[in-house]
Amino acid sequence: MINILTGIDSTSAALNAERIRMDVVSQNIANVNTSRGPDGKPYQRQQVVFESVLKDQVELGATPGSAAHLVRASRVESALRPPRLVHQPGHPDADADGMVAMPNINIHEEMIDLMAASRAYEANLSVVKTARGMAQQTLSIGKR
Amino acid sequence: MIDGMFNQSNYVAAKKLLDVTALRQEAIASNLANVETPHYKRVDIAPVFATELRQAITSGDPARLGETQPRLATDFTAISQRKDGNTVDLESELLRMNQNYVEHQLETQLVSSMMLRLRLAITGRPA
């Protein structure tokens with residue numbers, strides 16, 4: 001398979017992975033105060049795990065033995081931190097001492113994660129732009 | 001006659017370097033895709049290729065120049081500055097990408113101008 005835009009498969013895999021990460025972050029922010037999930041426990045912070053994959057192992061047209069990598073969001077895992085305890089007597093989910101177990105989410109951490117994901121997304125978009133410019137230059141070989 | 005034109009070592013070298021810039025773009029795309037992947041090590045053109053290319057150019061043999069094969073390899077000289085063992089540095093990677101873009105522009109113009117010169121010789125007028 002000829003690939004006019006070099007490296008575009010790595011980039012599209014990365015855009016995909018960063019998008020999944022942003023989705024998970026927004027899910028965490030949305031559930032920052034969810035003290036009861038479907039299982040009756042407070043919501044747990046979800047985090048995406050990125051994994052690099054050798055391109056020639058997943059793609060048919062890739063050069064064998066090439067060191068180029070793709071990236072994928074291999075799994076989404078729950079953070080293992082203990083829940084945040086907030087004193088809120090009268091809350092339906094409060095225990096005998098009036099403490100409510102809130103999700104183990106730190107909103108600042110989520111905002112930083114969101115910014116990092118969007119910067120990485122931008123960096124990959126600029127790779128697409130450059131690859132496009134290079135393809136155009138290549139196509140103009142032999143023209144005046 | 002025309003073979004002589006396309007076998008000039010300058011032309012062959014320009015073509016080879018065009019391949020190199022395309023391959024390096026692939027390496028940079030891979031590095032920037034994995035900028036947040038733990039334990040990822042950045043890849044680049046294998047350093048052995050630079051030596052091979054230099055030797056081929058010094059030998060002045062276009063056939064030998066055409067046989068050199070650029071390939072990607074893990075860059076073991078890069079040092080990780082992060083806790084996750086990833087050796088990609090976003091800024092320097094973007095800089096390399098822009099540098100590579102300009103190099104690609106240079107090589108395309110070189111190859112192009114050689115062809116235009118050939119056309120000028122054939123037709124006797126600028127293309």
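Here is the naming used below: chain letters follow the sequence lines, and residue numbers restart at 1 for every chain.
- The most heavy-atom pairs under 4.5 Å with chain B, out of Ala17(A), Ala14(A), Ala123(A), Ala67(A), come from Ala67(A).
- A single hydrophobic cluster is not seen to contain both Tyr101(B) and Leu94(B); linkage of ILVMFWY side chains at heavy-atom distances under 4.5 Å, directly or through other members, places them apart.
- For the salt bridge (charged side-chain N to carboxylate O under 4.0 Å, His left out) test, residues two or more places apart in sequence or in another chain that qualify with Arg119(A) are Glu122(A).
- Heavy atoms of Ala27(B) lying under 4.5 Å from chain A are absent altogether.
- The neighbour count for Ile107(A) CD1, taken as heavy atoms of other residues, nucleotides or ligands under 6.0 Å away, is above 12.
- Each of Ile8(A), Thr130(A), Thr11(A) has some count of heavy-atom pairs under 4.5 Å with chain B, and the biggest count is that of Thr130(A).
- Heavy atoms from other residues, nucleotides or ligands lying under 6.0 Å from NE2 of His91(A) number more than 12.
- In this structure, Tyr121(A) is not a member of the same hydrophobic cluster as Val127(A), with clusters built from ILVMFWY side-chain heavy atoms closer than 4.5 Å.
- In this structure, Val88(B) is a member of the same hydrophobic cluster as Ile28(B), with clusters built from ILVMFWY side-chain heavy atoms closer than 4.5 Å.
- Distance check: Met134(A) CE to Met97(B) CE gives 10.0 Å after rounding to the nearest 0.5 Å.
- Note on Ala22(B), Ser30(B), Ala46(B): by heavy-atom pairs under 4.5 Å with chain A, the leading option is Ser30(B).
- Closest non-hydrogen pair, Gly142(A) versus Ser112(B), comes out as N-OG, 2.6 Å.
- Heavy-atom neighbours of chain B within the stretch residues 68-89 of chain A, taken at a separation under 4.5 angstrom, comprise Ala68(A), His69(A), Leu70(A), Val71(A).
- Atom CG of Asn31(B) sits about 9.0 Å away from atom OG of Ser10(A), to the nearest 0.5 Å.
- Clustering ILVMFWY residues whenever any of their side-chain heavy atoms sit less than 4.5 angstrom apart, transitively, puts Leu118(B) in the very cluster that holds Tyr11(B).
- Using a 4.5 Å cut-off between heavy atoms, Ala13(A) makes no contact with chain B at all.
- Leu18(B) is not listed as a side-chain neighbour of Thr138(A), based on a closest heavy-atom distance of 4.5 Å or more.
- Contact of Ala116(A) with chain B is made through backbone and side chain together, with heavy-atom distances under 4.5 Å.
- Considering only heavy atoms from C-beta on, Thr108(B) stays 4.5 Å or farther from Ser140(A) through its side chain.
- The backbone N or O of Glu26(B) lies less than 3.5 Å from no partner atom in the side chain of Thr6(A), so there is not a single donor-acceptor pair.
- Scanning residues 36-58 of chain A against chain B with a 4.5 Å non-hydrogen threshold yields Phe50(A), Glu51(A), Ser52(A), Lys55(A), sorted by number.
- Interface remark: Leu32(B) contributes backbone and side-chain atoms alike to the contact with chain A (heavy atom separation under 4.5 Å).
- Hydrophobic clustering (ILVMFWY, side-chain heavy atoms < 4.5 Å, transitive): Val24(A) and Ile29(A) are in distinct clusters.
- Residues satisfying the side chain to side chain donor-acceptor pair (under 3.5 Å) criterion with Thr37(B), sequence neighbours excluded, are Asn34(B).
- Side chains of Arg21(A) and Glu36(B) form a contact here, defined as non-hydrogen atoms less than 4.5 Å apart.
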